[in-house]
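Quick notes on the structure that follows.
Positions are given from 1 along the sequence. In this text, all values refer to a predicted model and were calculated from it rather than measured experimentally.
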Amino acid sequence: MVARGLTRRFGDVIAVDNLDLTVERAQVYGFLGPNGSGKSTTIRMLCGLLLPSSGEIEVLGYKIPQQAEALKRRIGYMTQKFSLYDDLTVFENLDFVAAVHELTRANARTRIAELLKVYWLEELRGQLAGTLSGGQKQRLALAAAVLHKPELLLLDEPTSAVDPQSRREFWDSLFALVDAGTTILVSTHYMDEAERCHRLAILDRGRLVADGAPRELAAALPGQALLVECDAPRRAQSALTGFTGITAMAQIGASLRVLADGGDEQRVRIAQHLREAGIDAKVEPTMANLEDVFVAATRRSSASGSVAEKKS
Ligand SMILES: Nc1ncnc2c1ncn2[C@@H]1O[C@H](COP(=O)(O)OP(=O)(O)OP(=O)(O)O)[C@@H](O)[C@H]1O
């Protein structure tokens, strides 16, 4: 999948701003971004549900939106909102989806039996979908989305309504699909899910602010992540507020995680500043994680956005 200069405006709002993306086959490609950053709008354009204002998209060899109808037969789409019928049973929902995809009766029965087994739905086959738990609904929705064996699966925040155990099981199912050759595009708010993607695009206010493999992104983080250990992390945080070269701070349990520009001299300056404020603290470098990458990328983008706004 390749997108170049992908842009979508809604009136004055630029929901997606000049996005360039390349997604290889049989990978999980993630979109990570805050609310309103353009994840859903991007996914909807990539699967031909929404027209771009400008830009070019090619998915599985089809030009989108011109050949969107042909593409639709080869993709599956699942959103955070449960979009099946509450008053049909698990089996009836899958049977309905099989009819939409025009499977023969015999093929539908074989495929549904397979899906009920793979997604642990056999015992629930006669239960009304509306009475399923969040995790069960999501397994049913995934079964429905892959019923026609799509080559590409687009998932828009599929795990936002389920517990951590169900999320883990859901991701196991995604990797099983990838092993079978499916390409998966998934948007998420969760850092642990983002870490599991082969590659990741970080969006902020419609713009691509970073992309790459999660580990590469963490390794390429400009500046450094520091851990401040002391008796009074809240006091340390307020002492460091406004300190030049600090991008972000967050209290993690009894310590303070600091994202700072520069190298070791900056770490020493921070330790010195805390000492002068009467706080006895150990300031040590720590491994950057994806949350650091996310915070640094979105802060950088806000800073450049405000410069652009001032200029205009
Ligand atoms: N149909 C629409 N009409 C007008 N504005 C829209 C429409 N769809 C999206 N937007 C706007 O476009 C921007 C991006 O929204 P989008 O839903 O793509 O973000 P998102 O990253 O998926 O957010 P969330 O995580 O909250 O789902 C927002 O400012 C939103 O209000």
Side-chain angles (χ1 to χ4, degrees), residues 1 25-26 28-29 39-40 42-50 59-62 64-65 67-162 166-167 169-188:
M1 166 187 300
R25 277 181 194 258
V28 182
Y29 190 95
K39 305 182 295 294
S40 304
T42 303
I43 288 185
R44 293 175 65 216
M45 287 193 285
L46 293 175
C47 60
L49 284 174
L50 185 72
V59 183
L60 303 175
Y62 296 107
I64 304 302
Q67 297 175 296
E69 275 315 305
L71 175 72
K72 276 177 196 163
R73 280 190 279 278
R74 295 174 59 186
I75 62 173
Y77 178 55
M78 174 180 165
T79 66
Q80 63 199 92
K81 200 165 151 284
F82 185 64
S83 51
L84 296 171
Y85 293 99
D86 279 348
D87 50 359
L88 292 185
T89 65
V90 166
F91 179 85
E92 287 165 345
N93 265 296
L94 292 176
D95 202 30
F96 177 77
V97 175
V100 170
H101 290 297
E102 299 175 343
L103 265 68
T104 63
R105 293 306 311 152
N107 284 347
R109 289 202 176 265
T110 312
R111 181 68 178 140
I112 293 171
E114 215 171 84
L115 291 167
L116 291 174
K117 189 152 185 270
V118 171
Y119 295 103
W120 310 294
L121 293 165
E122 278 169 318
E123 287 178 11
L124 303 168
R125 61 177 283 142
Q127 190 167 328
L128 293 181
T131 64
L132 298 174
S133 72
Q136 292 165 343
K137 276 187 178 168
Q138 179 205 40
R139 296 206 306 265
L140 174 58
L142 184 60
V146 300
L147 188 138
H148 60 303
K149 301 189 176 169
E151 288 160 68
L152 172 67
L153 193 57
L154 299 117
L155 307 169
D156 194 1
E157 286 177 31
T159 59
S160 48
V162 296
S166 302
R167 278 172 49 208
E169 288 166 2
F170 186 83
W171 274 78
D172 287 345
S173 306
L174 296 190
F175 283 114
L177 287 163
V178 167
D179 278 351
T182 314
T183 308
I184 297 180
L185 243 71
V186 58
S187 71
T188 182

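Classification of Asp95 and Arg105 as a salt-bridged pair holds, one side-chain N sitting under 4.0 Å from a carboxylate O. Between Glu114 and Lys117 there is no salt bridge, since no side-chain N of the basic residue sits under 4.0 Å from a carboxylate O of the acidic one.
Rounded to the nearest 0.5 angstrom, Arg25 CZ and Glu151 CD are separated by 5.5 Å. In this structure, Ile64 CD1 and Glu69 CD are separated by 9.5 Å, a value rounded to the nearest 0.5 Å. For the atom pair Leu155 CG and Tyr77 OH, the distance stands at 10.0 Å (nearest 0.5 Å). The distance from atom CG of Asp87 to atom CG of Leu128, rounded to the nearest 0.5 Å, is 7.5 Å. Rounding to the nearest 0.5 Å places CD1 of Ile75 at 8.0 Å from CE of Met1. Rounded to the nearest 0.5 angstrom, Leu94 CG and Leu121 CG are separated by 7.0 Å.
Of all the heavy atoms in Pro150 and Thr182, the pair that sits closest is O-CG2, 3.7 Å. Scanning both residues, Ala98 and Ile112, for their nearest heavy atoms gives CB-CD1, 4.4 Å. The heavy-atom pair separating Ala143 from Leu115 by the smallest distance is O-CD1, 3.6 Å. Closest approach of Ala26 and Thr183 over heavy atoms only: N-OG1, 2.9 Å. In terms of heavy atoms, Leu124 sits closest to Val90 at O-CG2, 3.2 Å. Gly61 and Gln67 make their closest contact through O-OE1, 4.2 Å (heavy atoms, listed as atom of the first residue, atom of the second, distance).
Using a 4.5 Å cut-off on side-chain heavy atoms (C-beta onward), Leu147 and Leu103 make contact. Two residues are said to be in side-chain contact when any heavy atoms from C-beta on lie closer than 4.5 Å; Val146 and Arg111 meet this criterion. Using a 4.5 Å heavy-atom cutoff, the side chains of Leu142 and Leu153 are in contact. Side-chain contact between Gln138 and Thr159 is present, with at least one heavy-atom pair separated by less than 4.5 Å.
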Between side-chain atoms of residues 172-181 and protein atoms elsewhere (two or more places apart, or another chain), which donor-acceptor pairs fall under 3.5 Å?
residue: Ser173; atom: OG; partner: Glu169; partner atom: O; Å: 3.2

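Sorted by first and then second residue, the ring pair (Phe, Tyr, Trp, His ring centres under 6.0 Å) pairs with a member in residues 101-141 read His101-His148; sequence neighbours excluded.
A donor-acceptor pair under 3.5 Å is formed between the side chain of Glu92 and the backbone N or O of Thr89. In terms of modelled atom types and a separation under 3.5 Å, the side chain of Ser133 and the main chain of Gln136 share a donor-acceptor contact.
With sequence neighbours excluded, no residue satisfies ring-ring contact (aromatic ring centres under 6.0 Å, His included) with Phe170.
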